Amino acid sequence: MSLPKDNKDSIPEPTKGLEGIVAADTNLSSVNGEKGILRYCGFNIDDLALDTTFEETICILYDYELPTEDRLSEMTKNIGEARVLPDEVVEVITKLVGKTSPMSTLRTVVSALGHYEKNVPLSELAPKALRLVGQIATAVAMIHRLREGLPIIKADPERGHAEDFLRMLHGDEPSKIQINALNLYLILLADHGFNASTFSARVTAGTLANLHSAITSAVGTLSGPLHGGANEKAMDMILEVGKPENASEYIENAFNNKQKIMGFGHRVYKVDDARRIHLKNMTELVCKENGNMEIYRTAEEIERQVRKRKSIITNVDFYSAPLLYELGIPTDLFTPLFAMSRVAGWTAHVLEQYKNNRLIRPRARYVGQIDRTFTPLQHRSEKRF
Ligand code: CMC
């Protein structure tokens, strides 16, 4: 690209999409894209996936340590008690449901919740952050109940987060497998390095804007189809394909039409997404329980057909889609569910940013014209465009 002389020399060429740029240090999660390993504070996700809960994951992300029994029960109690929304925020949801997408409603809810919090010193910010983790789950369930004209189900603080969410959403008792499946989903998606939404939360926090402003930025960023919105689109594709026999033709057409296939590809993972196998196995289990193996087999065949044609990895959004679908979650709640998990990581990152803050302020390389002649309005020709 030819650039104005005085710009060309002074500013280096930008890296499109900031690919490979290391923007900060973190003690929270590490993503090894070459080996397909994800760790939270040094603990491998493969171990956490097998034997923990979302609450324990939050302890790790907030404390950088495995919790004691007392710490875990305190966390479970606190998050349980946090699953309550101020009446005014319930009114906001009531006014918005049906008029806008659940993800847009959720963004407004997060912003509105900030009005009901006091300014507190940094040392007291963690309880406020945790409150938001609890409230987002309640808001997602409520958005669904209200738009369906169903009565709101109050949170039961005695229950685990995954179990209580499913109960608040569906109004009946979830099975053990369903609780485990949602727990797994919430654990696996809780944090992931400097993904786009976490980065936007940190940029906002870096200006010393408040916690709710940072999380509102993050919710908006997550909503895009190249990030959190991909799970919903992946499910639309699986349903459209319908059965395994249709997958080959569908994927062939998609590649021929240069379509991006949702749930595939990743900026960092080169061999495999560390979360994929856990989500895939759990999807199989839930589909078996539901007696609906067709969804699982269709997803598996789509994956096979994509991998046959291009060496792109299956990302977290692909198997998340049939998993959430089989848990009875409507597709337009998939991205809000992603937010319900990722809010653990977002808030942990905001706390980390505040602890060692410096304004995040990169530069842009100006590539437009310079030294143009300014003509006052009254002397401009009308035929300029
Ligand atoms: N379907 C078909 N081709 C793809 C896909 C895909 N999903 N993803 C990447 N490619 C191809 C792309 O066409 C390009 O090919 P070529 O070099 O021949 O032109 C190459 O792979 C590199 O792709 P890119 O778009 O330059 O890669 P990126 O690092 O900028 O984008 C991505 C990463 C995740 C945005 C992209 O893979 C994508 O759009 N995937 C579909 C949306 C999706 O599943 N998003 C969820 C991401 S993971 C969870 C999250 O962060 O929320």
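First listed ligand is number 1; within each ligand, the first listed atom is number 1. Because the structure is predicted, anything quoted here is derived from the model rather than measured.
Residues Arg342 and Asp191 are not paired through a salt bridge, judged by the lack of any N-O separation under 4.0 Å between the basic side chain and the carboxylate. Under a 4.0 Å N-O distance rule, the pair Glu252/Arg309 qualifies as a salt bridge. Between Glu81 and Lys77, at least one side-chain nitrogen of the basic residue sits less than 4.0 Å from a carboxylate oxygen of the acidic one, meeting the salt-bridge criterion. Remark: Arg131 engages Glu117 in a salt bridge, criterion side-chain N to carboxylate O under 4.0 Å.
Scanning the protein for heavy atoms near atom 4 (C) of ligand 1, the closest one is Ile312 CD1, 3.8 Å. Looking at atom 42 (C) of ligand 1, its nearest protein heavy atom turns out to be Met262 SD, 3.5 Å. For atom 43 (C) of ligand 1, the closest non-hydrogen atom of the protein is Ala230 CB, 3.4 Å. For atom 17 (O) of ligand 1, the closest non-hydrogen atom on the protein side is Lys310 NZ, 4.6 Å. With respect to atom 34 (C) of ligand 1, the closest heavy atom belonging to the protein is Gly265 O, 3.7 Å. Of all protein heavy atoms, the one closest to atom 7 (N) of ligand 1 is Ile261 O, 2.6 Å. Nearest non-hydrogen protein atom to atom 28 (P) of ligand 1 is Arg267 NE, 3.6 Å. The protein heavy-atom contact nearest to atom 49 (C) of ligand 1 is Asp317 OD2, 3.2 Å.
For atom 51 (O) of ligand 1, the protein comes within 4.0 Å by at least one heavy atom. Contact annotation for atom 32 (C) of ligand 1: protein absent (non-hydrogen atoms, distance under 4.0 Å). Under the 4.0 angstrom criterion, atom 45 (N) of ligand 1 counts as having a protein heavy-atom contact. In this structure, atom 2 (C) of ligand 1 has protein heavy atoms in its sub-4.0 angstrom surroundings. Inside a 4.0 Å radius of atom 19 (O) of ligand 1 there is not any protein heavy atom.
By the 3.5 Å distance cut-off applied to N or O atoms, Phe338 is not counted among the residues near ligand 1. Backbone and side-chain nitrogen or oxygen atoms of Phe264 are examined, and one is located within less than 3.5 angstrom of a nitrogen or oxygen of ligand 1.
Ligand 1 places these atoms under 4.0 Å from at least one heavy atom of Gly263: 43 (C), 44 (O). The ligand atoms of ligand 1 that sit less than 4.0 angstrom from a heavy atom of Val316 are 49 (C).
Of the inter-residue distances, the one linking His144 atom NE2 with Thr105 atom OG1 reads 13.5 Å to the nearest 0.5 angstrom. Atom CG of Leu279 is separated from atom OG of Ser320 by 4.5 Å, given to the nearest 0.5 angstrom. For the atom pair Ile79 CD1 and Phe54 CZ, the distance stands at 5.5 Å (nearest 0.5 Å).
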Show your reasoning for whether salt bridge (charged side-chain N to carboxylate O under 4.0 Å, His left out) applies to Asp332 and Arg147.
CA-CA 12 Å; Asp332 63 353; Arg147 73 171 172 183; 2.6 Å; yes
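If you chain together hydrophobic residues whose side chains sit under 4.5 Å apart, Leu222 and Phe194 never meet in one group. At a threshold of 4.5 Å between side-chain heavy atoms, the hydrophobic network of Ile, Leu, Val, Met, Phe, Trp and Tyr places Ile302 and Ile295 in one connected group.
For the ligand labelled ligand 1, residue Gly228 lies inside the 4.0 Å heavy-atom shell. In this structure, Leu226 has a heavy atom closer than 4.0 Å to ligand 1.
No close placement of the His192 and His227 rings is indicated, their centers lying 6.0 Å or farther apart.
Looking at Phe318 against ligand 1, nothing comes within 4.0 Å, counting heavy atoms. Residue-level proximity to ligand 1 for Val306 is absent, since no heavy atom of it falls below 4.0 angstrom.
The heavy atom nearest to atom 13 (O) of ligand 1, considering only Arg342, Arg309, Lys260, is found in Lys260.
Side-chain contact annotation: Thr221 with Ser197, donor-acceptor N/O pair under 3.5 Å absent.
Residues Ile360 and Arg202 come closest through the heavy atom pair CD1-O, 3.6 Å.
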